[in-house]
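Working notes, structure below.
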Amino acid sequence: NEFEPAIDTAEMTHDRFLERYATTKYDWNLFDEYNQYAREAMEKALTPSVVSFYLNVYNMTILRGDQHITKMDCLHYTPPGPVDFWNHLLVSNLADLAKNEEEEREIRAKTRFDSK
């Protein structure tokens, strides 16, 4: 197995990943920086009135050693795989945000009603 000896998921960090699988193929060494740049650009581009959420799937994805297309290609996955979980995570987060918004609306409506 290309990923031996195993490292506990809790102990795997981006830096440990790079130490262990040091490669510039696919710019693995730059992904964390790309993600940070994207997050900062998103925060700068949006106005304060726009609520934004950054869903970072990098760390949970980089730790997966399963379902790669080939042993030498750690960037692409065969379906079902991490991309399917990203979609599940996104939909779950959107549902949670909608539920929280509805609860806040109900609290505001009750507060207005009680104060009259």
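If you're wondering where the values come from, they're calculated on a predicted model, not measured in any experiment.
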Sequence neighbours excluded, the answer for side-chain contact (heavy atoms from CB on, under 4.5 Å) partners of V57 is L55, M60, T61, W86, L89

Pairs where residues 96-105 contributes a residue and the test side chain to side chain donor-acceptor pair (under 3.5 Å) is met, not counting sequence neighbours: E102-R105

Residues which pass side-chain contact (heavy atoms from CB on, under 4.5 Å) with Y54, listed by chain and number, not counting sequence neighbours: N35, R39, M42, N56

Quick one: are L97 and F53 in side-chain contact, heavy atoms under 4.5 Å? yes

Treating Ile, Leu, Val, Met, Phe, Trp and Tyr as nodes and any side-chain heavy-atom pair under 4.5 angstrom as an edge, say whether L46 and Y37 lie in one connected cluster. no

